Peer 1: 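Take this structure first; my questions come after.
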Amino acid sequence: MDVAVGYDDGGLATAVLTDADDGHDGYQALRVRQPADIAAGLGADIRTVRWIWADTAAIYPRLLAAGVRVERCHDLRLCHAILAGHDNRLLDDPRWRRREPEPDHEPTLLDDQPGEDRMALAEVVAEYRRQRRALVAGPTAGDEDRIRCAKLRLLLSAESAGSLVAAEMAFHGLPWDAEVHDRQLTELLGPRPRYGGRPDKLQAVADRLVAALEVGSFNPDSPVELLHALHRAGIDVHSTRKWELQRIDHPAIEPLLEYKKLSRLLAANGWAWLDTWVKDGRFRPDYVVGGVVTGRWATSGGGALQLPKQLRRASRADPGWKLVVADAAQLEPRVLAAMARDDQLATAARGRDLYQGLVDGGVVDTRAHAKVAMLGALYGATTGQGGQLMPRLVSAYPRATGLVEDAARSGERGEIVSTFLGRRSPLPPDSWRELQHFAGSGDASADDVRRARQQARDWGRFTRNFVVQGTAAEWALCWMAGLRQRLLVLGSSTPDDVDHGAIDCGRAHLVYFLHDEVIVHAPAALAESAAAAIVESATAAGQLLFGDCGVEFALDVDIVDSYGEVS
DNA sequence: GATTATAGCGCG
DNA sequence: AAAGCGCGCTATAATC
């Protein structure tokens with residue numbers, strides 16, 4: 001049953017949409033005052049309801065705060081962004097663009113939030129009808145169009161499920177032990193300075209650096225001053241990047257690299273970060289579903305997707321609980337094998353280590369070469385080791401490499417490419433198109449032509465990677481959506497034991513996501529079955545997307561007390 | 001003083 | 001080994 005949620009002049013309202021609905025305006029609106037009423041007032045089995053609403057990120061945190069869990073939804077704003085490229089009728093409607101992040105606001109249901117756009121119930125219903133029309137192949141459509149629509153429907157439900165997962169993860173939070181974090185900072189940097197300034201140990205490293213360069217004092221935090229100091233000391237570098245410095249043999253390099261590492265830790269994840277982002281033993285990042293063009297998630301604030309490995313030991317399970325940490329092994333090459341139906345690459349992916357599979361298949365001689373070659377194919381390496389190994393990959397896996405090559409060529413022509421489920425790449429900017437056009441005219445200089453070709457290749461590398469990164473993101477969404485459902489019933493002997501409409505903090509739940517990695521916080525007794533659910537969900541995600549493609553989606557799964565225990 | 005841009009580094 | 005994708009964040013530097 002589809003139930004639309006929006007606002008009317010009396011406040012929050014719902015409308016039941018009938019299956020037979022074919023565009024008539026008749027629907028029954030139901031005024032609600034309390035969150036529980038939304039579910040209870042309908043008198044339907046909560047498990048069968050799919051909530052149609054403007055924006056999960058705006059409404060679901062308030063429901064969760066009130067203890068209400070939602071089984072399924074359709075996030076109109078996220079879905080609009082995906083569909084806008086497929087159906088002109090949905091293009092450029094400002095009402096459905098992505099919302100700007102709201103300033104901090106304690107969520108309470110039904111309160112008046114200044115600046116929040118409250119989508120009218122009638123408009124929610126109207127937009128849903130528009131989207132549904134875009135998802136149905138016409139009566140004269142061929143198989144290709146029917147498949148396209150079916151994939152889009154899967155993509156939209158996966159994206160919407162992702163929005164639920166993101167809100168629930170923010171609700172639960174990643175367990176985070178501020179004391180462990182503080183100890184780690186103190187050990188590396190020295191005690192927290194009371195009135196700002198550099199911690200002792202960091203200052204000592206800075207002093208060592210200045211002394212070793214022997215060119216007088218300067219501020220090592222300033223790239224300009226640092227570069228000048230390096231030059232004065234006779235060190236010939238044209239930037240202060242780590243990898244360039246690593247090649248220099250000079251007594252100042254060791255303290256310099258140490259200083260960069262420590263000052264980075266202080267600035268990005270020091271005590272200020274701890275104060276801002278960790279409350280009540282939980283780190284609660286703001287996930288932005290579909291925040292990256294490829295469909296990957298982003299975060300706003302907290303840098304959840306860049307948690308330094310150094311600090312992961314601070315993430316500790318509650319007493320009596322475990323962290324179940326799982327990451328998909330070589331996800332992108334496996335996704336490529338599946339979407340390209342490359343049986344050879346699928347065979348190499350059969351074991352737990354795809355890169356070793358390349359070695360065993362005689363394609364390359366070492367695992368390191370396999371990795372650099374595969375990444376080169378996904379990213380479009382032309383020179384260096386990755387570029388050199390490309391021909392071997394192309395002859396061993398013509399279908400897989402052909403798929404990314406085609407995507408690159410399309411991008412170079414300025415065309416749109418699509419992920420497996422149909423998320424479309426953006427068009428290159430107007431300036432790009434103008435330069436290509438100009439380079440093709442008679443007036444272009446050799447330099448213009450060279451720049452145009454360079455830019456074309458740059459865009460081709462982007463579209464090449466887009467199709468794989470984006471499809472991997474789709475797999476990850478399906479993985480989490482399946483896992484979320486499996487975790488709900490974990491440890492329940494009977495289905496009636498599970499309250500699908502209530503958020504239950506005593507159950508195993510997702511607490512972290514990082515592109516191809518998840519963490520589940522689970523009662524210790526359920527950790528093993530949570531791990532099994534993660535593995536099952538990975539297989540199911542592959543099946544859901546690609547059918548019987550022969551590609552295994554291998555995982556590394558660890559049951560630990562601390563995230564830092566995972567290599 | 002408030003803004004935008006850039007360098008650099010963290011993550012996948 | 002240091003080339004080749006996607007990001008967010010924080011500092012300093014540049015600009016208004």
Side-chain angles (χ1 to χ4, degrees), chain A residues 101 198 218-228 237-248 256-257 259-270 272-273 276-277 285-288 290-312 327-333 335-336 366 368-369 371-390 393 404 407-408 411 417 419 423 425-426 454 457-473 475-476 512-518 563:
Chain A
R198 289 198 188 107
F218 63 93
N219 176 12
D221 289 327
S222 160
V224 174
E225 284 188 44
L226 176 58
L227 195 58
H228 283 156
V237 286
H238 62 272
S239 79
T240 63
R241 285 189 187 88
K242 191 164 70 178
W243 67 266
E244 198 181 345
L245 294 168
Q246 273 166 349
R247 308 156 59 101
I248 308 291
L256 173 51
L257 295 176
Y259 181 83
K260 279 173 157 298
K261 191 175 164 185
L262 293 179
S263 66
R264 160 83 198 183
L265 175 65
L266 174 66
N269 298 96
W273 181 89
T276 310
W277 292 103
D286 260 328
Y287 289 102
V288 184
V292 177
V293 277
T294 57
R296 272 188 175 181
W297 290 13
T299 52
S300 65
L305 304 182
Q306 300 115 266
L307 265 190
K309 292 185 169 171
Q310 234 178 344
L311 285 178
R312 292 181 179 181
D327 79 287
Q330 308 101 30
L331 177 58
E332 291 190 354
V335 161
L336 176 58
T366 64
H369 279 168
K371 187 172 182 178
V372 90
M374 194 48 84
L375 292 177
L378 297 175
Y379 295 160
T382 51
T383 61
Q385 218 172 19
Q388 279 170 16
L389 291 164
M390 273 303 285
L393 227 52
V404 286
V417 297
T419 60
R423 195 188 303 263
S425 69
Q454 178 62 43
R457 288 211 188 91
D458 289 348
W459 196 259
R461 280 197 303 279
F462 163 63
T463 53
R464 166 198 293 271
N465 187 245
F466 179 94
V467 296
V468 181
Q469 188 185 117
T471 305
W475 180 89
Y512 189 61
F513 171 59
L514 183 53
H515 305 315
D516 60 358
E517 183 172 348
V518 295
Y563 189 16

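To find a chain, count down the sequence lines: A is the first, B the second, and so on, and within it residues start at 1. What you are looking at is a predicted structure, and each value in this text was computed from that prediction instead of being measured.
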Peer 1: To the nearest angstrom, how far is Asn269(A) atom CG from dG8(C) atom P?
Peer 2: 16 Å

Peer 1: Mind calculating the distance between CD (Glu225(A)) and C1' (dA11(C)) to the nearest angstrom?
Peer 2: 13 Å

Peer 1: Between P on dG4(C) and CE on Met390(A), what's the gap in Å once rounded to a whole number?
Peer 2: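 Computing the Met390(A):CE to dG4(C):P distance gives 13 Å.
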
Peer 1: Between protein and nucleotides 6-12 of chain B, map the contacts as a letter string: B base, S sugar-phosphate only, - none, heavy atoms under 4.0 Å, written 5' to 3'.
Peer 2: --BBBSB

Peer 1: Test of understanding: with salt bridge (Lys or Arg N to Asp or Glu O under 4.0 Å), list the residues that count as partners of Arg198(A), not counting sequence neighbours.
Peer 2: Asp221(A)

Peer 1: Got a sec, which residues hit side chain to side chain donor-acceptor pair (under 3.5 Å) with Thr471(A), two or more places apart in sequence or on another chain?
Peer 2: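 By the side chain to side chain donor-acceptor pair (under 3.5 Å) rule, Thr471(A) matches no residue at all.
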
Peer 1: Using a 4.0 Å heavy-atom cut-off across all strands, classify Gly380(A) as base, sugar-phosphate, or nothing.
Peer 2: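 Contact class for Gly380(A): sugar-phosphate only.
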
Peer 1: So which one's nearest nucleotide on DNA chain C is more toward 5', Trp273(A) or Gly386(A)?
Peer 2: Gly386(A)

Peer 1: dA13(C), dG4(C), dG6(C): which one has an atom nearest the side-chain heavy atoms of Arg461(A)?
Peer 2: dG4(C)

Peer 1: If you compare every side-chain N and O of Thr294(A) against the phosphate oxygens of dG6(C) (OP1, OP2), does one of them come in below 4.0 Å?
Peer 2: no

Peer 1: Roughly, in whole Å, what's the span from CD in Gln454(A) to C1' in dG4(C)?
Peer 2: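 The answer, rounded to whole Å, is 12 Å.
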
Peer 1: To the nearest angstrom, how far is Leu265(A) atom CG from dT10(C) atom P?
Peer 2: 13 Å

Peer 1: Write out all pairs satisfying salt bridge (Lys or Arg N to Asp or Glu O under 4.0 Å) with one or both partners inside residues 298-308 of chain A, taking only residues at least two apart or from two chains.
Peer 2: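 The answer is none; no pair qualifies.
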
Peer 1: Starting at atom CG of Leu393(A), determine the distance to atom P of dG4(C), rounded to an integer number of angstrom.
Peer 2: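 Result: 17 Å.
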
Peer 1: Between Arg296(A) and Glu332(A), is there a salt bridge with N-O shorter than 4.0 Å?
Peer 2: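 Judged by the 4.0 Å cut-off on N to carboxylate O distance, Glu332(A) and Arg296(A) do form a salt bridge.
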
Peer 1: Quickly work out the Leu226(A) CG to dA11(C) C1' distance and round it to whole Å.
Peer 2: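 Whole-Å distance recorded here is 13 Å.
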
Peer 1: What residue pairs, at least two apart or across chains, pass side chain to side chain donor-acceptor pair (under 3.5 Å) with a residue in residues 460-470 of chain A?
Peer 2: Thr294(A)-Gln469(A), Glu405(A)-Arg464(A), Asp458(A)-Arg461(A), Asn465(A)-Gln469(A)

Peer 1: Can you measure from CZ (Arg247(A)) to NZ (Lys242(A)) and round to the nearest 0.5 angstrom?
Peer 2: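 Going from CZ on Arg247(A) over to NZ on Lys242(A), the span is 15.0 Å.
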
Peer 1: Write down the atom of Val293(A), the atom of Pro426(A), and the distance for their closest heavy-atom approach.
Peer 2: CG1-CG, 4.1 Å

Peer 1: Among residues at least two apart in sequence or on other chains, which ones pass ring pair (Phe, Tyr, Trp, His ring centres under 6.0 Å) with Tyr287(A)?
Peer 2: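 Tyr287(A) satisfies ring pair (Phe, Tyr, Trp, His ring centres under 6.0 Å) with Trp297(A) once adjacent residues are dropped.
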
Peer 1: Checking all strands, does Val468(A) fall into the base, sugar-phosphate, or nothing category for heavy-atom contacts under 4.0 angstrom?
Peer 2: nothing

Peer 1: With sequence neighbours excluded, give me every salt bridge (Lys or Arg N to Asp or Glu O under 4.0 Å) pair touching residues 378-388 of chain A.
Peer 2: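 Every candidate salt bridge (Lys or Arg N to Asp or Glu O under 4.0 Å) pair involving residues 378-388 of chain A fails, so no pair, neighbours aside, qualifies.
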
Peer 1: OP1 or OP2 of dA11(C) less than 4.0 angstrom from a side-chain nitrogen or oxygen of Ser222(A), does that happen here?
Peer 2: no

Peer 1: Rounded off to whole Å, could you give me the CH2-to-P distance for the Trp459(A) and dG4(C) pair?
Peer 2: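 Value for this atom pair: 18 Å.
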
Peer 1: What is the nucleic acid contact for Gly387(A), judged by heavy atoms within less than 4.0 Å: base, sugar-phosphate only, or nothing?
Peer 2: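 Counting heavy atoms under 4.0 Å across all strands, no contact is made by Gly387(A).
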
Peer 1: Can you sort out the partners of Glu517(A) under side chain to side chain donor-acceptor pair (under 3.5 Å), two or more places apart, ordered by chain and number?
Peer 2: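 By the side chain to side chain donor-acceptor pair (under 3.5 Å) rule, Glu517(A) matches Tyr563(A).
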
Peer 1: Counting Watson-Crick and G-U wobble pairs whose two distances are both under 3.5 Å, find the runs of 3 or more in a row that involve DNA chain C.
Peer 2: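 So the stems come out as B:1-12 with C:5-16.
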
